[in-house]
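The structure appears right after this line, and notes come after that.
Computed from heavy atoms alone, side chains included, the values below leave out hydrogens, waters and symmetry copies. Below, chain A is the first sequence line, B the second, and so on; all start at residue 1.
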Amino acid sequence: MPELPEVETTLRGIRPHLLKQGVQKVVIRRPTLRWPIPEELPGLMERAAVEEVSRRGKYLLLKFPLGHLMIHLGMSGSLSLVARDTVAGKHDHVDIVLGSGLILRYNDPRRFGCMLWVEGEPLAHPLLASLGPEPLGPLFDNEHLYQCSRRKSLPIKSFLMDSKVVVGVGNIYANEALFRSGIHPLRKANRISQQRYARLSDVVREVLAAAIAQGGTTLRDFVGGDGKPGYFKQELQVYGRGGQGCVDCEATLTEVRLGQRSTVYCPQCQH
DNA sequence: ACGAAGCCCTGCAAGC
DNA sequence: TGCTTGCAGGGCTTCG
């Protein structure tokens, strides 16, 4: 389940192998992702070189002379770099064969991801145009959260996971950040003080930065690896721990469903 | 305009 | 053992 740290780790892992590399061939085995992969993709990319590799939220952007390839990993997608003769597995839907002899391979069992072509300014694309600030960028702070939340009566957890508010905070990190800032996930967004938002924005940055730092430890092995660093788990304090003891006060962690998302919190520590 | 629910999809685990 | 059922979840889309 790629959250922002995993996407960032993927970006850092693939970028050095893609920059200035020519695309020899694009193989689309299964075009039916969230939206169909454009049939004209091979014609647009083949014999062209990758000029830039970047990220906006959880969307990866590969710049080519004629436009950008926009990739989202959904919740089960991954990109890996494999040697040219590597046999494709069950959910290996797309191969981008590079001049270097490596293949950038897109795998996505649940096919919630997408691979689209964008002409012109990619940030103007409908999927990107109304995204909120990057959580690790300068525009994300308590002031932003506070101002955004003034007319929002939805639960803070839903608010935090809204990509128009801030990108890249998925279910796992929303649970963790709220625990670490002592905020009850069901509290209404407009019932939280600016001081508490200050703590929350700090914690969101800390948690994501720490996860990225750990994802970085697997970068060395990205080529040929499965591209799925195992940074989470050990540091998680509430996610996946419903019914177990709070790491701070030992109270039993409560698990509820919010939206259709598993939500875990400490009834003692979070208000 | 806002908020909640629905939906896409497959793999895995639990229950019968 | 093999079926069915439920759950996981990002985020766009639809409904109220």
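Nearest nucleotide to the side chain of R257(A), out of dA8(C), dG3(B), dC7(B): dA8(C). Taking the side chain of S153(A) as heavy atoms from C-beta on, and the options dG11(C), dG3(B), dT10(B), the nearest nucleotide is dG3(B). Taking every side-chain heavy atom of W35(A) into account, dC12(C) is the closest of dT10(B), dC12(C), dG3(B). Among dG10(C), dA4(B), dC12(C), the nucleotide with an atom closest to any side-chain atom of L127(A) is dC12(C).
Here R111(A) lies in heavy-atom contact (under 4.0 Å) with sugar-phosphate atoms only. At the heavy-atom level, Y59(A) lies under 4.0 Å from the strands shown only through sugar-phosphate atoms. L73(A) comes within contact range of no nucleotide atom at all, as no heavy-atom separation falls under 4.0 Å. Among the heavy atoms of the strands, none lies under 4.0 Å from S158(A).
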Legend entry - Residues S158(A), L258(A); criterion side chain to side chain contact (heavy atoms under 4.5 Å, CB included); working and verdict: CA-CA 8 Å; S158(A) 305; L258(A) 176 56; 3.8 Å; yes
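In this structure, R191(A) places its CZ atom where only 12 or fewer heavy-atom neighbours from other residues, nucleotides or ligands lie under 6.0 Å away.
We find that R56(A) and E134(A) are joined by a salt bridge, their nearest charged nitrogen and carboxylate oxygen being less than 4.0 Å apart.
In terms of polar N and O atoms assigned as donor or acceptor, the side chain of R261(A) comes within less than 3.5 Å of the base of dG11(C) in a complementary pairing.
Both H91(A) and G259(A) lie close to DNA chain B; mapped to their nearest nucleotides by heavy-atom distance, the more 5′-ward contact belongs to G259(A). Comparing K90(A) and P155(A), the nucleotide of DNA chain B nearest to each residue sits closer to the 5' end for P155(A).
One can place NE2 of H72(A) at 14 Å from C1' of dC8(B), the figure rounded to the nearest angstrom. For I37(A) and dC9(B), the CD1 to P distance is 14 Å, given to the nearest whole Å. The distance between atom CG of D162(A) and atom C1' of dT13(C), rounded to the nearest whole Å, is 14 Å. If you measure from atom CE of M75(A) to atom P of dC12(B), you get 12 Å, rounded to the nearest angstrom. Atom-to-atom, NZ of K164(A) to C1' of dG3(B) comes out at 12 Å; the value is rounded to the nearest Å. Atom CG of L128(A) is separated from atom P of dG11(C) by 11 Å (rounded to the nearest Å). Atom CZ of F112(A) and atom P of dC9(B) are 8 Å apart (whole Å). Rounded to whole Å, atom P of dG6(C) lies 14 Å from atom CD of Q260(A).
Of the side-chain N and O atoms in R34(A), none sit less than 4.0 angstrom from OP1 or OP2 of dT13(C). At dC9(B), none of the side-chain N or O atoms of R30(A) fall inside 4.0 Å of OP1 or OP2 (strictly under the cut-off).
A distance-only check finds a donor-acceptor pair linking the side chain of H144(A) to the backbone of V165(A) [under 3.5 Å]. In this structure, Q237(A) contributes its side chain and F179(A) its backbone to no donor-acceptor pair below 3.5 Å.
K157(A) and N171(A) share a donor-acceptor pair across their side chains, judged by distance under 3.5 Å alone.
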